[in-house]
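Here's the structure, in structure tokens; my notes come after.
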Amino acid sequence: MGFDSLLLDCHLATMAGDGAYGEIRDGALGVRDGRIAWLGPASELTQDALENSAQVLRLNGVWVTPGLIDCHTHLVYADSRAGEFEMRLNGASYAEIARAGGGILNTVKAVREASPDELYVQSLKRARQMMLFGVTTLEIKSGYGLDLDNELKMLRVARRLGESLALKVCPTFLGAHALPPEYRDRPDDYISLVCSEMIPRIAELGLADTVDAFCEHIAFSREQTRRVFEAARAKGLKVKLHAEQLSDQKGAILAIEFGALSCDHLEYIGRDGIEALAGAKTVAVLLPGAFYFLGETQKPPVRALRDAGVPIAISTDCNPGSSPCTSPLLIMNMACVLFGLTPAEALAGFTSNAAKALGLQDELGTLEVGKKADMAIWDITAPAELSYGMGHNPCQMALKHGVVRG
Ligand SMILES: [Zn+2]
């Protein structure tokens with residue numbers, strides 16, 4: 001029996017099994033009903049499969065990887081913050097930038113003022129850029145609306161992106177991202193709104209399956225984060241956390257207590273946090289784009305995380321304030337150069353471990369029989385070239401559920 005699609009003349013980086021990349025050189029891969037039905041050395045392919053497959057893609061010796069998974073983005077937003085960036089580099093002080101309306105609240109204002117269509121059109125461009133780099137699954141957070149209607153607007157735009165593109169979108173509610181101006185000096189009241197109105201409504205509408213928060217001295221305390229997680233748990237939603245980005249708030253330990261899918265950033269995580277991660281299934285998500293863009297110096301403890309056996313994912317963190325980046329490959333290069341990941345770890349960070357960070361490891365993230373046939377095809381001679389290049393894009397095409405994406 002043939003396949004719906006058969007990939008030939010290619011090498012596979014399965015990101016499963018033995019070896020750093022799970023390589024199968026001179027491989028072949030068959031797709032049936034949108035899932036991987038067979039893969040292995042091309043020499044083991046049956047004559048029947050060769051002769052009776054509906055579509056045969058001869059790939060001229062390129063590499064096939066799982067479709068890339070970007071597991072932490074704030075891709076839905078309005079307006080850029082390039083003006084603020086330019087002011088800073090022209091020597092403006094932080095206070096001057098704040099007076100000119102800079103910072104996260106600038107984006108909150110722009111998102112609140114944007115119509116759903118405007119927000120969609122602006123975000124669509126970024127999603128399409130990601131797709132050119134072989135991204136087939138994308139997590140998108142809310143968190144620039146900071147009131148019920150505008151948070152719902154952001155999540156609906158995220159859902160619309162997933163419906164209109166050959167892209168799986170995983171929406172995350174991040175109401176506890178920043179304190180909106182109307183709740184100034186009343187953070188507990190805002191958290192009450194998040195917990196008693198926003199989370200129940202979002203759960204009821206099915207607009208997000210995961211809840212995130214920013215636990216930091218400039219954002220929300222551990223106790224406030226706990227309240228958010230309790231409200232999420234009460235509605236059967238999963239949790240994840242922006243943790244230990246600027247200081248060690250012990251947020252990761254709290255998140256693990258709630259069975260978090262991931263703890264993200266982690267530059268300042270302490271030994272106790274690493275030990276908690278080691279005993280959990282929670283993924284450490286590292287975000288070198290924000291580290292680079294903000295000129296930070298405290299690096300996440302990659303060696304300790306690696307030694308503790310913690311799965312490490314990486315992500316663009318695409319957002320207007322600290323990581324205006326839509327290139328996963330540039331982030332892979334940064335993860336290697338700035339944080340010391342190996343190229344294989346960087347690719348796992350956008351495939352197998354990114355799938356775990358979204359709870360999708362049974363369906364996506366590796367090339368294995370039974371998984372969804374989401375793949376990226378690269379004009380490279382070795383998988384390490386994906387991390388080695390700076391600002392390049394060797395992605396030839398991507399397949400979603402076995403279908404070549406236009
Ligand atoms: Zn983030």
Side-chain angles (χ1 to χ4, degrees), residues 69-78 80-81 103-108 111 123 126-127 130 135 137-146 151 154-155 157-158 169-179 194 208 210-220 224-225 228-229 232 238-247 249 251-252 254-255 260-269 282-296 298-300 312-328 330-331 334-335 338-339 349-350 353-354 357-358:
I69 299 170
D70 197 343
C71 68
H72 178 139
T73 86
H74 309 253
L75 176 134
V76 169
Y77 62 82
S80 88
R81 301 236 292 270
I104 191 169
L105 292 181
N106 196 11
T107 300
V108 172
V111 165
S123 305
R126 290 185 282 274
M130 293 264 194
V135 171
T137 300
L138 183 65
E139 188 257 13
I140 300 178
K141 302 175 196 299
S142 69
Y144 295 123
L146 308 183
E151 287 291 305
M154 288 188 72
L155 290 169
V157 167
V169 169
C170 303
T172 297
F173 172 59
L174 178 59
H177 189 199
L179 194 60
V194 167
T210 308
V211 172
D212 193 352
F214 187 17
C215 182
E216 192 54 74
H217 60 81
I218 59 162
F220 297 101
Q224 288 159 347
T225 303
V228 172
F229 284 175
K238 294 170 278 186
V239 302
K240 60 175 73 167
L241 186 66
H242 285 69
E244 278 69 277
Q245 181 184 7
L246 306 171
S247 60
Q249 300 280 322
L254 172 69
L261 287 170
S262 68
C263 290
D264 303 29
H265 283 290
L266 302 181
E267 277 84 343
Y268 285 84
I269 191 170
T282 305
V283 176
V285 178
L286 308 183
L287 304 165
F291 173 90
Y292 160 82
F293 194 81
L294 297 174
E296 297 286 347
Q298 172 85 21
K299 298 184 183 191
I312 298 173
I314 55 175
S315 164
T316 62
D317 192 16
C318 174
N319 79 77
S322 63
S323 190
C325 178
T326 49
S327 167
L330 184 57
I331 294 297
M334 288 181 186
L338 299 174
F339 291 172
F350 266 109
N353 287 341
L358 296 175

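In each ligand, atom 1 is the first atom listed, and ligand 1 is the first ligand listed. Side chains are part of it too, since the values below use all heavy atoms of this structure and drop only hydrogens, waters and symmetry mates.
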Discussion item. Check the orientation of Y144 and Y77. Use parallel for under 30°, tilted for 30 to 60°, and perpendicular for over 60°.
Written reply: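 Y144 and Y77: perpendicular rings.
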Margin query: Side chains of H72 and D317 only: does a donor on one sit below 3.5 Å from an acceptor on the other?
Written below: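 Indeed, the side chains of H72 and D317 share at least one donor-acceptor pair under 3.5 Å.
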When you measure from the Zn ion (ligand 1) to each N, O or S atom of [X], which atom gives the shortest distance?
X    : result
H74  : NE2
D317 : OD1
H72  : NE2
H242 : NE2

| said: Taking the side chain as everything from C-beta on, heavy atoms only, tell me whether E296 gets closer than 4.5 Å to L246. | reply: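 Side-chain contact under 4.5 Å: yes.
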Would you say that more than 12 heavy atoms from the other residues, nucleotides or ligands in this model lie under 6.0 Å from the OH of Y292, or not?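 12 or below, so no.
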